[in-house]
Amino acid sequence: MNRKDVFDLTDRIVVVTGALGQIGRQFALELIDRGARVAIFNRRIPDEAVLRERFPVDTGRVIFCPVDITKKASVKAGLEQVVAKWGVPHVLVNNAGLDTQPSAPPEVSGPFEEFPEDVWREVLEVNMTGTFLCCQVIGGAMAREGRGSVINIGSIYGMLSPVQDIYAYKAEKTGTPFVKPVAYCASKSGLYNFTRYLATYWGRKGVRVNILTPSGVRRDTQDKEFQTNYCQRMPMGRMAEEDEFNGALVFLASDASRYMTGSNLVVDGGWTAW
Ligand SMILES: NC(=O)c1ccc[n+]([C@@H]2O[C@H](COP(=O)([O-])OP(=O)(O)OC[C@H]3O[C@@H](n4cnc5c(N)ncnc54)[C@H](O)[C@@H]3O)[C@@H](O)[C@H]2O)c1
């Protein structure tokens, strides 16, 4: 029997924001591997040699667009570049985001009462306003075509409050407490109803809007104490590898999820299950 592959992404045009980062790069490589054409929107684009090394793929299937997602004109210029080369995107992955790692300086990871207003604004600007602008400009173009899939990238810390005890070792180790900041959590949380809003707004226009929720990814640069504490809280007992959200992304990008909109696809090792 000749059955159509519902996960097929051949020649789909996909914009992935922040795809020079850890998870976004994996998204881009997976999509390209499946025959999609991927436009990488990143604030800073490194030189050719670095790009070749990070993306050893068919050069006809990837373009790098220097886009600051917090600037509407910049997002529009990026879209124009994609449209001129390939046409209006079928998929938008709003992956670019700002987070605060445990290695962050004390002025951005201190008590809530002293959390700097400018950092709050900066994080909301990228995580919320940047997603809003990409949806307005690129999602808007997809709606005019009457088709498309928008995938916002959330976080378990946008669904639940962080377990601050995980970071308590920092005070013992360095003498300076680390508080997982409010800005990341509040900005990510806003994306959940933003997703539902747009899903209903574009419900009859052929554009689906969903959110994918990852949990923490293992990085070699993380403190061992952080990794141990995190894994103890995690039902599956380990952190995610950077490519473990790819399957969910392919599902949301493809026709396999064609009746799904306004949903939250949680891929978190069980973190939100208790
Ligand atoms: N890594 C994790 O453990 C984890 C867990 C849950 C959710 N997430 C979410 O997944 C997404 C990707 O995370 P990551 O760890 O790969 O991030 P990362 O920091 O490795 O990469 C983020 C990328 O976004 C780009 N970027 C930042 N501001 C931008 C702007 N204004 N315009 C264009 N590009 C900009 C950065 O240059 C970078 O390339 C983020 O939304 C993050 O919140 C990550």
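Just so you know, ligand 1 is whichever comes first in the structure, and atom 1 is the first atom listed for that ligand.
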Practice task
Would you check if the distance from the ring center of Phe41 to the ring center of Phe64 is below 6.0 Å?
Solution key: no
Problem - Residue part near ligand 1, for Arg219, under 4.0 Å between non-hydrogen atoms - result: side chain
Exercise for the section: Measure from NZ or CZ of Lys180 to the centre of the six-membered ring of Tyr184 and say whether it is under 6.0 Å with the direction within 45° of the ring axis. Expected result: yes
Practice task
Determine, using heavy atoms of Gly154 and all atoms of ligand 1, whether some pair is separated by less than 4.0 Å.
Solution key: yes
Exercise for the section: Ignoring hydrogens, just give me the one of Tyr184, Tyr157, Phe245 whose non-hydrogen atom is nearest atom 8 (N) of ligand 1. Expected result: Tyr184
Fill in the blank from the handout: Tested for side chain to side chain donor-acceptor pair (under 3.5 Å) against Asn264, the lone hit among Thr213, Asn152, Thr272 is Thr213
Exercise for the section: Please list all pairs passing the ring pair (Phe, Tyr, Trp, His ring centres under 6.0 Å) test where one or both residues lie in residues 246-274, with sequence neighbours left out. Expected result: Tyr230-Trp271
Handout entry: Nearest protein heavy atom with distance in Å, relative to atom 5 (C) of ligand 1
Key = Ser215 O, 3.3 Å
Practice task
Please state whether Thr17 comes within less than 4.0 angstrom of ligand 1, counting heavy atoms only.
Solution key: no
Exercise for the section: Among all protein heavy atoms, pick the one closest to atom 27 (C) of ligand 1 and tell me residue, atom and distance. Expected result: Arg43 NH2, 3.9 Å
Exercise for the section: Give the residue and atom name of whichever protein heavy atom lies nearest to atom 35 (C) of ligand 1, and the separation in Å to one decimal. Expected result: Ala96 CB, 3.8 Å
Problem - Sub-4.0 Å heavy-atom contact, Gly216 with ligand 1 - result: yes
Handout entry: Asp99 to ligand 1, any heavy atom closer than 4.0 Å
Key = no
